[in-house]
Amino acid sequence: MFQIQTPPRNPQPTYLPIPLHHRRRHRISAALTTTTNNNQTIQSLCKKGQLKQAIQLITHEQNPTQHTYELLIQSCARQKSLIDAFKVHKNLNDNGFDEDPFLATKLIDMYFELGSIEHARQVFEEITQKTIYVWNAFFRALSLSGNGEEVLRLYRKMNEIGIPSDRFTYTYALKACVVSEASSFLWRGKEIHAHVLRHGYEGHVHVMTTLVDMYAKYGYVENADFVFSSMPVKNVVSWSAMIACFAKNGRPFQALQLFQKMMLESGEMLPTSVTMVSVLQACAALAALEQGKLIHGYILRKGLDSILPVMSALLTMYARCGEIDLAQNVFNKMEKRDTVSWNSLISGYGIHGLGSEALQIFQEMVSNGVSPSPITFVSVLGACSHSGLVDEGKLLFNSIKQYGIHPSVEHYACMVDLLGRANRLDEAAKVISDMRDEPGPKVWGSLLGSCRIHCNVELAERASKWLFELEPTNAGNFVLLADIYAEAKMWGGVKRVKKLLEARGLQKVSGCCWIEIKRKIYSLTSVDELNPQIEQIHALVVTLSKEIRDIGYVPETKAVLYDLEIEEKERIVLGHSEKLAVAFGLINCSKGETIRITKNLRLCEDCHSFTKFISKFTNREIMVRDINRFHHFRDGECSCRDYW
DNA sequence: TTAGGGTTAG
């Protein structure tokens with residue numbers, strides 16, 4: 001199928017047949033004159049978008065030029081007309097251009113634009129002289145239509161028959177390694193990485209940036225960082241790719257550090273809207289409000305506030321930093337809004353436990369004629385779930401199809417969460433058994449989470465049986481089941497799960513809190529010995545816990561995974577990172593300032609109760625974002641109304 | 001002739 005052809009010495013295409021009757025000199029010049037005129041007319045018709053007329057003319061044109069066909073092909077792609085595309089393609093073949101590799105690349109692009117990979121493939125297969133442009137054009141078409149596997153197959157073929165790749169081929173091939181979600185092509189990516197180095201492209205900024213991104217998409221942060229650090233030339237895109245890599249892979253702190261480094265080292269190079277989106281994501285993940293505000297200022301100064309992705313990320317940053325009013329302000333000021341902007345606002349209200357507001361925004365969205373997306377329903381169902389709006393959530397779930405959306409596993413997981421949280425576990429289990437698709441880990445995970453809240457051992461065992469199979473390395477699931485056994489005082493079960501964890505070499509993710517004080521982020525863990533104030537912090541926690549006992553605080557120790565004396569259990573929960581963070585905040589925040597804490601796991605019941613009492617006792621507002629939502633503690637109450 | 005980084009959820 002693939003033949004290697006020596007390229008023609010004469011760059012003039014030899015495959016342009018000149019009809020015999022044009023061979024005589026005077027006929028040739030005459031023919032050239034008419035040709036020029038007709039070609040020019042066709043070309044100008046194409047430019048004016050009058051494709052039909054152009055096609056009429058080309059059928060009578062005896063000497064069409066390559067450029068004329070190029071414009072015709074582009075015109076077909078622009079006008080999205082496959083029928084015209086076929087006419088032009090046939091006419092071009094009839095006039096002997098079927099072996100023109102330049103036009104073949106244009107045809108491949110055109111068929112891709114028109115959504116017909118099959119015709120693009122046909123052009124690719126039929127052209128004998130496959131220049132690197134032809135290969136690259138087909139790779140591009142395949143990559144962009146999600147057919148990474150075929151790119152990789154052809155790339156291998158190309159290597160076997162000895163056609164050298166160029167810088168474009170490498171970028172397409174690397175991108176092909178991440179387009180298919182079904183299977184991992186990381187190993188192929190690594191192989192191409194080796195080819196890139198072997199052929200001396202280690203200094204090529206496009207190729208290397210694509211490599212950074214390829215590793216980023218697989219979560220191979222160290223590899224991405226290694227490639228990035230080894231780049232002799234970096235530009236704003238490479239910096240942004242690496243910042244995005246950190247932000248997307250749970251390393252927001254490093255993302256911000258790298259951004260600061262970029263601002264210091266990059267000289268004239270300015271961050272773009274793309275850079276700012278990743279930086280905002282990092283601020284949101286860290287709940288770094290002050291940093292985020294600085295970024296907001298920069299966005300306004302640089303006039304990036306009309307770019308939709310920037311504004312959605314900004315809105316989300318405020319919402320995830322606990323400032324839902326500022327998020328709403330951003331939304332109000334937006335000149336244009338798309339589905340994502342609305343989704344961002346809905347989920348913002350959702351994580352603040354403001355379910356009715358989220359529902360209202362959803363209604364507004366629909367009445368404004370904005371189409372909801374699958375994510376809209378995940379957000380609005382999530383909002384119902386956090387607020388206990390079970391009936392509203394059920395109605396919404398049943399309406400999904402009306403919006404032309406097929407309910408996905410994510411939507412079912414939301415429903416299970418909604419019902420399960422509300423202690424309607426049987427209904428939640430029924431939702432699962434009624435599912436046509438395989439429930440998958442998200443659905444079972446939701447059920448297990450609800451079993452944890454309501455301590456339902458039997459259902460938890462059923463859910464974890466599936467979960468342990470589907471996610472054998474997710475330690476969180478094992479810990480949830482152990483928690484449930486512990487609460488039910490089934491110490492044999494706790495032991496068994498711990499052994500399972502050990503046998504699989506898994507470790508419980510330890511609790512960690514962080515807090516921003518004067519634009520600096522401080523993290524606290526229960527085993528923290530490095531914090532210079534740690535003794536003061538512990539002392540304050542002990543004192544406070546004694547004081548608040550007088551106003552009704554009773555330690556809740558059921559989360560402790562050990563069968564110990566009650567005093568020992570109380571000592572353990574007193575060391576939870578969230579309590580340390582509260583004390584750290586009380587020591588270091590200015591008087592009257594809200595203490596803002598972020599936690600990597602779900603807030604435990606004792607810490608929740610402790611913080612409520614502390615907010616009353618110290619007359620402080622304390623805001624805690626846990627893995628799922630916000631808790632605003634004020635005057636002894638929490639905004640979640642103990643429903644979380 | 002062709003190319004690299006980004007928005008919302010979980």
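Every chain is numbered from 1 and lettered A, B, ... according to where its sequence line falls, protein lines coming before strand lines.
- Within the nucleic acid shown, A:E70 has no heavy atom closer than 4.0 Å to any nucleic acid atom.
- Aromatic ring orientation, A:H352 versus A:F630: parallel (interplanar angle below 30°, classes split at 30° and 60°).
- Within 4.0 Å (heavy atoms only), A:S446 reaches no atom of the nucleic acid at all.
- Residue-level contact check: A:T210 touches the backbone only, with heavy atoms under 4.0 Å from sugar-phosphate atoms and none from bases.
- Residue A:N235 is in base contact, counting any heavy-atom pair closer than 4.0 Å across all strands shown.
- Taking the six-membered ring where tryptophan is involved, the planes of A:H195 and A:H199 are perpendicular, since the angle between them exceeds 60° and thus also 30°.
- For residues 204-229 of chain A, the pairs satisfying salt bridge (charged side-chain N to carboxylate O under 4.0 Å, His left out) are A:D213-A:K217, A:E222-A:R251, with sequence neighbours left out.
- The footprint of chain A on DNA chain B, defined by a heavy-atom cutoff below 4.0 Å, extends from B:dT1 to B:dG10.
- Using bins of under 30°, 30° to 60° and over 60° for the plane-to-plane angle, the ring pair A:Y403/A:F377 lands in the tilted bin.
- Within the nucleic acid shown, A:T272 comes within 4.0 Å of at least one base atom, counting heavy atoms only.
- Counting only distance, with no hydrogens or angles, the side chain of A:R121 and the backbone of A:L142 share no donor-acceptor pair below 3.5 Å.
- The list of salt bridge (charged side-chain N to carboxylate O under 4.0 Å, His left out) pairs with a residue in residues 305-326 of chain A, not counting sequence neighbours, reads A:E323-A:R596.
- As judged by a 4.0 angstrom heavy-atom cut-off over every strand, A:S273 is placed among the base-contacting residues.
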